[in-house]
Amino acid sequence: MAKEISITLEDGKQKTCSQPINAGEIIKDLNLKKVVAACFDGQPVDLTCPLENSGTLAFITLDSVQGREILRHSTAHIMAQAVTELFPGTKLAIGPAIEEGFYYDFDCPQRFSEEDLIRIEKRMQEIIEQKLPFARKMLDKKSAWDFFRQNGEIYKTELIEELQDGTISLYQQGDFIDLCRGPHLPATGWVPAFKLLSIAGAYWRGSEKNKMLQRIYGTAFASAKELADYLHKIEEAQRRDHRKLGRELDLFSFQEEAGAGLVIYHPKGALLRATLEEFERKEHLKRGYQLAVGPQILKLDLWKKSGHYDNYRENMYFTEIEGEKYGIKPMNCLAHMLIYKSRLRSYRDLPLRYFELGTVYRHEKSGVLHGLLRVRGFTQDDAHILCTPDQLNDEIKGVIKFVQDVMAIFGFDYTMEISTRPEKSIGSDQDWERATNALMLALRDTGLAFAINEGDGAFYGPKIDVKLKDALGRSWQCATIQCDFTLPERFDLKYIGADGAEHRPVMLHRVILGALERFMGVLIEHYAGAFPVWLAPEQVRILTITDAQKDYAQVVESQLREHGIRVSADLRQEKIGLKIREAQLEKIPYMLIAGNKEIAEQKVSVRSRKDGDLGGFSLYQFIDRIKQEIEGKK
RNA sequence: GCCAGCGUAGCUCAGUUGGCAGAGCAACUGAUUCGUAAUCAGUAGGUCAGGGGUUCGACUCCCCUCGCUGGCUCCA
């Protein structure tokens with residue numbers, strides 16, 4: 001008996017349909033193009049999925065965010081089909097769509113090579129040309145488990161075991177069947193453009209205790225042009241890679257004979273770093289922080305007392321002096337607590353904010369090292385705030401504001417998240433809850449959006465993390481705010497309250513830029529090496545036309561230098577075109593050209609890196625201009 | 001740490017089936033005194049990452065170590 005149902009479309013129009021009916025049939029009447037799936041009462045469904053009840057129906061097109069996700073997920077299935085056909089016996093793990101594409105994890109005894117990717121792509125193209133429909137099949141849990149069991153798909157059976165009882169959906173295209181929630185494209189022929197990008201290892205379920213599988217990454221787009229644009233974008237991004245720019249601009253190097261993950265700053269990189277350090281000291285002093293400096297190594301017993309020895313030992317380096325064991329600091333907090341403890345504190349002294357550009361060494365596993373973004377020795381713009389519980393909220397908000405102010409100066413976009421208690425940690429549940437609540441409360445007060453990252457906190461407390469992206473879109477944690485009730489306890493820190501009794505202060509660990517190395521890495525990529533004047537290691541270069549301007553150029557140079565401007569003079573017997581080209585490639589913000597004409601007028605011709613020839617300026621006009629830019633951090 | 005790939009002049013990269021180590025740019029020397037992104041000519045530059053093995057013979061094949069790249073795991 002056909003039942004009548006009422007479907008509300010996106011434009012508000014109502015449609016009465018008699019069952020059986022699916023979204024695909026409704027679309028036929030509407031003459032819509034590029035629709036790949038639908039959204040029924042907010043739930044994504046295939047166009048072929050029967051509509052059981054009345055409800056609202058929206059269509060998902062290939063070029064929407066959701067549509068692209070479905071496209072990529074379906075392409076992952078096509079890749080899996082191609083791989084199982086080309087490499088019989090391959091076991092399938094998981095194959096989701098991700099931010100910029102998709103991947104699929106395979107357990108295959110044969111190692112995939114670059115050439116294999118080409119073969120797989122070719123086979124995928126054939127599957128696409130066959131226009132195989134993606135058919136949804138519903139099975140009960142037991143039958144689904146049996147089906148995959150028979151085929152030796154041990155990863156799929158493991159996944160099924162964790163699903164709730166009831167029916168499970170499988171998708172079939174051609175002879176290939178995969179466990180999947182869906183929805184999918186109507187057929188394989190709907191993939192307009194795709195490319196396989198790379199092969200990588202990945203642990204099953206992301207745990208290093210499990211077997212390592214082979215992951216193939218790829219991406220798919222609604223048109224060949226979009227795919228080409230994406231590939232072009234990646235190429236562009238590689239051009240601003242800080243490792244490449246670091247060498248080209250002579251900022252820093254890593255050298256095999258010095259050791260992996262250890263930065264060697266060349267003069268220009270050291271100058272850039274010094275500029276950041278100077279900026280940091282000023283900004284911290286402005287906000288009521290005090291400077292502190294701790295030693296590079298501290299006795300082992302102190303690291304035992306703090307809990308680092310039990311919880312952070314794998315990341316620490318140790319040494320010994322006359323039979324006494326020492327730990328090389330991986331964090332700066334210990335010395336700051338010792339400063340606090342060095343005398344009796346009153347509630348009137350709080351909050352105390354100790355700031356240190358503290359260099360730490362951590363044993364990072366060899367495989368994770370990555371240019372300046374992940375190193376073994378680095379300097380944090382670290383501070384520890386000791387305050388009363390009442391002051392905590394304001395202090396956290398103050399730090400968040402500090403982060404916002406600084407990121408605005410550099411023009412960074414960032415995301416925030418809160419990380420909660422990890423497995424390996426110290427302190428009572430109650431303290432962890434208090435600390436986590438304090439961070440959330442402060443974040444909510446500022447009205448900022450944030451994600452929650454379960455179990456990713458530091459061993460001594462929960463934290464707010466601020467993440468920045470590199471040129472290729474990978475996220476790196478920079479600023480972090482960590483709330484800690486535990487270390488003050490372990491070190492028996494106290495202050496005398498207004499009531500004359502002893503109380504326990506709370507401690508905030510926090511960094512703003514994070515590690516100078518990592519920050520410089522993302523900074524180089526952010527500006528593509530073309531630093532704003534206030535950061536540029538060389539701000540101005542004077543270029544002479546001929547030897548006749550040598551003396552004049554040197555006078556100009558020394559005058560600029562007296563005004564604190566970082567300047568050099570190119571007095572070589574070379575053509576002006578060459579000098580400009582070289583200065584431009586070195587991304588120097590200003591070139592001052594000195595020829596006979598300029599001497600006669602007692603001027604300089606200013607050429608900006610960005611806007612080219614700006615015409616003649618008197619030296620004072622130019623100094624005014626550049627000083628204003630430096631002052632405004634432009 | 002794990003999986004895969006890679007390592008040739010300062011840089012970017014060629015190097016055939018195992019048979020004398022190559023180019024461009026940079027550097028250096030000389031000439032050129034020039035007006036807004038490359039003047040011309042010449043010279044020099046190599047433990048083919050390091051170590052071991054196979055071979056008459058290894059940049060090339062095999063093993064180990066170091067380092068790098070892309071991921072995974074872990075982190076600022």
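Letters go in sequence order (proteins before strands), and every chain restarts at 1.
- Residue contacts for A/L543: at a heavy-atom cut-off of 4.0 Å it reaches no nucleic acid atom on any strand shown.
- Within 4.0 Å (heavy atoms only), A/V375 reaches at least one base atom of the nucleic acid.
- For A/E356 and A/K329, the salt-bridge test passes: some basic side-chain N is under 4.0 Å from an acidic carboxylate O.
- Between A/R625 and A/E629, at least one side-chain nitrogen of the basic residue sits less than 4.0 Å from a carboxylate oxygen of the acidic one, meeting the salt-bridge criterion.
- Contacts of A/N596 with the nucleic acid, taken as non-hydrogen atoms under 4.0 Å apart, include base atoms.
- Look at CD on A/E115: it is 10 Å from P on B/rG5, rounded to the nearest Å.
- Rounded to an integer number of Å, the gap from CG of A/L117 to C1' of B/rG70 is 12 Å.
- Residue A/I580 has its side chain nearest to B/rA37 when only B/rG71, B/rU73, B/rA37 are considered.
- A/F254 does not carry A/R243 over the face of its six-membered ring by the limits of under 6.0 Å from the centre and within 45° of the normal.
- Applying ring pair (Phe, Tyr, Trp, His ring centres under 6.0 Å) to A/H284 and the options A/F279, A/Y354, A/F402 leaves one that passes, A/F402.
- For A/R572 and B/rA27, the CZ to C1' distance is 12 Å, given to the nearest whole Å.
- Nearest to the side chain of A/Y203, among B/rU69, B/rA76, B/rC72, sits B/rC72.
- Residue contacts shown for A/R607 include a base, since a base heavy atom lies under 4.0 Å away.
- The residue A/R243 sits close only to the backbone: its heavy atoms come under 4.0 Å of sugar-phosphate atoms, none of a base.
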Set out, line by line, the N/O atom pairs under 3.5 Å between protein and nucleotides 43-46 of chain B.
none

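- When the C1' atom is used for both B/rU29 and B/rG35, the distance is 27 Å, rounded to whole Å.
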Legend entry - Secondary structure of RNA chain B in dot-bracket form (Watson-Crick or G-U wobble, distances below 3.5 Å, | marking inter-strand pairs): (((((((..((((.....[..)))).(((((.......))))).....(((((..]....))))))))))))....
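- Taking 4.0 angstrom as the limit, A/R215 places none of its side-chain polar atoms (N or O) nearer than this to OP1 or OP2 of B/rA4.
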Enumerate the protein-to-nucleotides 30-34 of chain B contacts in which both atoms are nitrogen or oxygen and the separation is below 3.5 Å.
unit_1, atom_1, unit_2, atom_2, d
B/rU32, O4, A/Q573, OE1, 2.7
B/rU33, O2, A/D547, N, 3.1
B/rU33, N3, A/D547, OD2, 3.0
B/rU33, O4, A/D547, OD2, 2.9
B/rU33, O4, A/Q573, OE1, 2.5
B/rU33, O4, A/Q573, NE2, 2.2

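- Per the geometry, CD1 belonging to A/I588 stands 13 Å off C1' belonging to B/rA37, to the nearest Å.
- Spacing of C1' atoms, B/rG19 relative to B/rC11, comes out at 30 Å, to the nearest Å.
- Using a 4.0 Å cut-off between charged nitrogen and carboxylate oxygen, A/R72 and A/E100 do not count as a salt-bridge pair.
- Of the side-chain N and O atoms in A/Q477, one or more sit less than 4.0 angstrom from OP1 or OP2 of B/rA76.
- Remark: P of B/rG5 and OH of A/Y217 are 17 Å apart, rounded to the nearest angstrom.
- At the heavy-atom level, A/G201 lies under 4.0 Å from base atoms of the strands shown.
- At B/rG70, one or more side-chain N or O atoms of A/H370 fall inside 4.0 Å of OP1 or OP2 (strictly under the cut-off).
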Pairs under 3.5 Å (N/O, protein and nucleotides 63-67 of chain B):
unit_1, atom_1, unit_2, atom_2, d
B/rC66, O2', A/E256, OE2, 3.1
B/rC66, O2, A/E256, OE2, 2.7

What pairs of nitrogen or oxygen atoms, one from the protein and one from nucleotides 9-14 of chain B, lie under 3.5 Å apart?
unit_1, atom_1, unit_2, atom_2, d
B/rU12, OP1, A/R247, NH2, 2.8

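- One can find a donor-acceptor pair under 3.5 Å joining the base of B/rG35 and the side-chain atoms of A/E598.
- Separation of the A/Y217 and A/Y103 ring centroids falls under the 6.0 Å cut-off.
- B/rG71 atom P lies 13 Å from atom CD of A/E99, rounded to whole Å.
- Distances were taken from every side-chain heavy atom of A/K365 (C-beta onward) to each of B/rU73, B/rC3, B/rC75; the shortest belongs to B/rU73.
- Between the C1' atom of B/rA4 and the CE atom of A/M212 lies a distance of 10 Å, rounded to the nearest Å.
- On the P atoms, B/rC25 is 12 Å away from B/rU39, given to the nearest whole Å.
- We find that CD of A/E364 is positioned 15 Å from P of B/rU73, with the value rounded to whole Å.
- In the set B/rG70, B/rA76, B/rG35, B/rG35 carries the atom at the smallest distance from any side-chain atom of A/K597.
- Defined by atom type and a distance below 3.5 Å, a donor-acceptor pair is present between the side-chain atoms of A/Q482 and A/T480.
- If you take atom C1' in B/rA58 and the same atom in B/rU8, they sit 14 Å apart, rounded to whole Å.
- Residues passing the salt bridge (charged side-chain N to carboxylate O under 4.0 Å, His left out) test with A/K209: none are found, sequence neighbours excluded.
- The phosphate of B/rA4 has OP1 or OP2 within less than 4.0 Å of a side-chain N or O from A/R111.
- Side-chain atoms of A/R518 and base atoms of B/rC75 include a donor and an acceptor less than 3.5 Å apart.
- Salt bridge annotation for A/R205-A/E158: present, with a cationic side-chain nitrogen under 4.0 angstrom from a carboxylate oxygen.
- Nearest-nucleotide mapping onto RNA chain B: of A/S605 and A/S475, the residue sitting toward the 5' end is A/S605.
- Just one residue in the list A/E574, A/R572, A/M591 forms a side chain to side chain contact (heavy atoms under 4.5 Å, CB included) with A/E582, and that residue is A/R572.
- Closest approach of A/K469 to A/E99, counting heavy atoms only: NZ-OE2, 3.8 Å.
- To the nearest whole angstrom, the two P atoms, one in B/rG71 and one in B/rC56, are 45 Å apart.
- Closest approach of A/V466 and A/M416 over heavy atoms only: CG2-CE, 3.9 Å.
- Ring centroid separation for the pair A/Y590 and A/F622 comes in under the 6.0 Å cut-off.
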